[in-house]
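Working notes, structure below.
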Number of protein chains: 2
Amino acid sequence: MSPLIHINFRDARPIYQQVKDGFCQLILSGALPPGYKLPSVRELATSLTINPNTIQRAYRELEQEDYIVSVPGKGSFVCDGKQAAQARRRELMERFEKLVKEMEQLGISRGQLIQKLREGEEKP
Amino acid sequence: MSPLIHINFRDARPIYQQVKDGFCQLILSGALPPGYKLPSVRELATSLTINPNTIQRAYRELEQEDYIVSVPGKGSFVCDGKQAAQARRRELMERFEKLVKEMEQLGISRGQLIQKLREGEEKP
DNA sequence: TAACTGTATTAAGACACATAGTACAGTTAA
DNA sequence: TTAACTGTACTATGTGTCTTAATACAGTTA
């Protein structure tokens with residue numbers, strides 16, 4: 001019954017972007033398996049009390065980025081996602097390297113970051 | 001002669017934000033030492049061919065965030081920056097942890113990231 | 001047939017960003 | 001003192017994005 005997606009109206013990101021990001025994460029994490037049928041444009045719009053056009057924009061862009069496929073009359077479905085996940089991993093790796101360089105400029109060494117990573121390694 | 005700040009009109013960030021980010025980096029990296037006199041609002045606006053109001057907004061926010069101090073009639077000057085650097089480090093640490101968690105969800109382990117960090121440790 | 005599905009279009013309002021022009025007060029050097 | 005600089009404040013205007021709204025059309029399914 002939890003509504004898959006949560007919208008925060010105080011978020012700086014526009015609504016359609018929050019919808020996109022939400023589904024991206026659900027798909028990439030495997031929470032929504034390939035073939036899963038997404039809620040219809042009108043259904044999701046109603047349950048979130050936002051405009052159908054806003055949902056449609058999110059779905060259109062998700063399809064353009066190969067996260068889902070939309071079939072008129074049938075619905076929208078999660079794609080295989082292996083390609084999308086691969087591309088996403090590369091993107092995050094780039095962000096990671098960029099962030100590390102920025103932190104080095106402020107005097108945070110790679111060694112400190114390694115230690116920070118080790119701290120989170122324990123499994124409680 | 002290099003104009004301190006570069007504006008990219010194709011950048012998604014608004015101009016005033018690009019100006020802010022540019023000076024933040026220059027100040028935090030130490031390229032602009034405490035006490036350094038920034039170009040005047042009108043001078044920078046002319047050299048970048050953008051509106052003085054846009055520069056003023058950037059300077060106003062930089063002052064609110066303790067990166068610079070502006071004195072009417074005299075100019076704008078770089079602050080000490082130790083406090084700002086401390087706040088910036090905390091902010092980057094949060095972004096780092098957030099990014100790491102996102103990468104873990106996509107199957108990139110902390111171990112892999114540690115190895116990645118070690119690769120960049122050599123000094124050529 | 002009726003009720004669903006995605007898709008497309010146009011209109012309107014709200015808001016942020018940027019520009020333009022003007023004005024005022026403090027500082028500094030000629 | 002004057003002239004030229006400095007930051008600051010304000011209003012008006014144009015533009016683009018986001019969002020809502022109201023329709024309309026075509027494909028699918030029970």
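Chain letters run A, B, ... following the sequence lines, proteins first and then strands; every chain starts at 1.
Residue-level contact check: B/Gln17 touches neither bases nor backbone, having no heavy atom under 4.0 Å from any strand. Using a 4.0 Å heavy-atom cutoff across all strands shown, A/Arg42 reaches at least one base atom of the nucleic acid.
Under a 4.0 Å N-O distance rule, the pair B/Arg57/B/Glu61 qualifies as a salt bridge. Salt bridge A/Arg90/A/Glu97: absent, no basic N to carboxylate O contact under 4.0 Å.
Phosphate proximity of C/dC4 to A/Ser40: absent, as no side-chain N or O sits under 4.0 Å from OP1 or OP2. Taking 4.0 angstrom as the limit, A/Ser76 places none of its side-chain polar atoms (N or O) nearer than this to OP1 or OP2 of C/dT5. Checking the phosphate oxygens (OP1, OP2) of C/dC17, a side-chain nitrogen or oxygen of B/Tyr16 falls inside 4.0 Å. Note on B/Ser70: every side-chain N or O is 4.0 Å or more away from OP1 and OP2 of D/dT6.
As a whole-Å value, the separation of A/Ile15 CD1 from C/dC15 C1' is 13 Å. With rounding to whole Å, A/Leu48 atom CG is found 10 Å from D/dT20 atom P. Between the CG atom of B/Asn51 and the C1' atom of D/dG7 there is a distance of 15 Å, rounded to whole Å. Atom CD1 in A/Ile55 sits about 10 Å away from atom P in D/dT19, given to the nearest Å. For the pair B/Phe9 CZ and C/dC17 C1', the computed distance is 13 Å after rounding to whole Å. As rounded to whole Å, 14 Å separates atom C1' of D/dG7 from atom CD of B/Gln64. Protein atom CG of B/Asn53 is 12 Å distant from nucleotide atom C1' of C/dA23, rounded to whole Å. In this structure, A/Glu43 places its CD atom 14 Å from C1' of C/dG6, rounding to the nearest Å.
If A/Arg13 and B/Val71 are placed on DNA chain D by their nearest nucleotide, the residue sitting closer to the 5' end is B/Val71. Residue whose closest nucleotide on DNA chain D sits further toward the 5' end, between B/Arg60 and B/Lys37: B/Lys37.
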**Request:** Please lay out, stage by stage, how A/Tyr36 and A/Ile27 fare under the test side-chain contact (heavy atoms from CB on, under 4.5 Å).
**Result:** CA-CA 9 Å; A/Tyr36 179 90; A/Ile27 292 170; over 6 Å; no
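Across all their heavy atoms, A/Pro33 and A/Val78 have their closest contact at O-CB, 3.4 Å.
Checking D/dT8, C/dG6, D/dT19 against every side-chain atom of A/Thr54, the shortest atom distance belongs to D/dT19. Looking at the side chain of B/Pro72, the nearest of the listed nucleotides D/dG7, D/dT20, C/dC17 is D/dG7. Counting only heavy atoms from C-beta on, A/Lys74 has its side chain closest to D/dT29 among D/dT19, D/dT29, C/dG6. Of all nucleotides listed (D/dT8, C/dT7, D/dT29), D/dT8 comes nearest to the side chain of B/Gln56.
Side-chain polar atoms of A/Asp21 and A/Gln25 form no donor-acceptor pair below 3.5 angstrom.
D/dT29: Watson-Crick or G-U partner is C/dA2, with both key distances under 3.5 Å.
By the criterion of side-chain heavy atoms lying less than 4.5 angstrom apart, applied directly or through intervening Ile, Leu, Val, Met, Phe, Trp or Tyr residues, B/Val69 is not grouped with B/Tyr67; the two fall into different hydrophobic clusters.
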